[in-house]
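Accompanying notes for the structure given below.
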Amino acid sequence: MAIVNLDKIQAKKVGNLEHLVFTQDVTNGVFAHAGELVQGLVSGDGEAVKAVVPTEESIVTDEVILHASPELEYDPRKAGLKHFKLEAGEVGRGYHLTAGDIVTLTADLFEGTPVVNEYVVPQAASMKLAPAAELGNTRFAAKVIEKTVLGFDGAEAYAIKVVKA
C-alpha cells in the first residue's frame with residue numbers, strides 16, 4: 001500500500017538525488033544508506049550505488065536516503081500508486097533530505113504508529129522509520145506534524161518534517 005508524497009523537498013529544485021539499486025523489491029518510502037558504486041549495470045548508469053540497510057552503528061553516523069522513484073507501471077492491473085514496487089536490481093531514485101523538508105508517508109511505511117508532535121527515526125535492520133518520543137542520537141530524525149490520508153482510497157498517512165539530516 002506504500003504511497004509517498006514529496007510535499008516540500010529541496011532536492012526537487014536543486015538536485016541532491018541519488019541513483020539507488022536494491023537487492024530486493026522495495027516500495028517507495030523506504031530509507032537506506034548509499035553504499036558502493038554498482039559496477040556493470042546494463043543501463044549504463046555509472047553513478048548508481050548499492051542501497052544498504054541501516055545497522056545499529058550506521059543510524060548514528062551515516063546519512064539515510066529516502067527512496068521515491070517515479071511510479072511508472074505498464075501493467076494496467078497494477079496501475080495504482082499503492083501497487084508500485086521497484087524491482088531488485090533496477091535503478092531507483094533516492095533523495096538526500098535536508099532539515100525543513102516535508103514528506104507524507106502512508107502508515108505501513110512505519111514500524112509502529114507515529115504520534116503527532118513526536119518523532120520518527122531510522123532503526124537497525126529495517127528500511128522503515130520507527131516512532132520515538134525524543135530525538136535520541138540518530139543522525140536522521142523527523143517530527144510528525146500531521147495525521148492525514150493519501151491515495152484515492154484514503155489510506156492513513158503521516159506528514160513528517162525533517163529536523164536532523
For residues [X] and [Y], determine if any side-chain heavy atom of one lies less than 4.5 Å from a side-chain heavy atom of the other.
X      : Y      : result
Asn28  : Ile3   : no
Lys50  : Val21  : no
Val144 : Phe110 : no
Leu86  : Asp25  : no
Leu109 : Leu129 : no
Pro70  : Arg93  : yes
Glu18  : Glu63  : no
Val38  : Val91  : no

Partner set under side chain to side chain contact (heavy atoms under 4.5 Å, CB included) for [X], not counting sequence neighbours:
X      : answer
Glu57  : Thr55
Ser126 : Glu111, Gln123, Lys128
Val52  : His33
Ile59  : Pro54, Pro122, Thr138

*For residues 147-165, which residue pairs qualify under side chain to side chain donor-acceptor pair (under 3.5 Å), counting only residues two or more places apart or in two chains?*
Lys82-Asp153, Glu156-Tyr158
*Hey, could you give me the NZ/CD distance between Lys85 and Gln24, rounded to the nearest 0.5 Å?*
10.5 Å
*Shortest non-hydrogen contact between Ala68 and Val4, atoms and distance*: CB-CG1, 4.5 Å
*Heavy atoms only: give me the nearest Gly92-Ser69 pair and the separation to one decimal.*
CA-OG, 3.1 Å
*Determine whether the side chains of His96 and Thr98 contain a donor N or O and an acceptor N or O closer than 3.5 Å.*
no
_Connected-component partners of Ile102 among ILVMFWY, side-chain separation under 4.5 Å_ = Ile145
*Can you get from Val64 to Val60 by hopping between Ile, Leu, Val, Met, Phe, Trp and Tyr side chains that sit under 4.5 Å apart?*
no
*Sort out for me which residue in Phe22, Phe84, Phe31, Tyr95 forms a ring-ring contact (aromatic ring centres under 6.0 Å, His included) with His67.*
Phe22
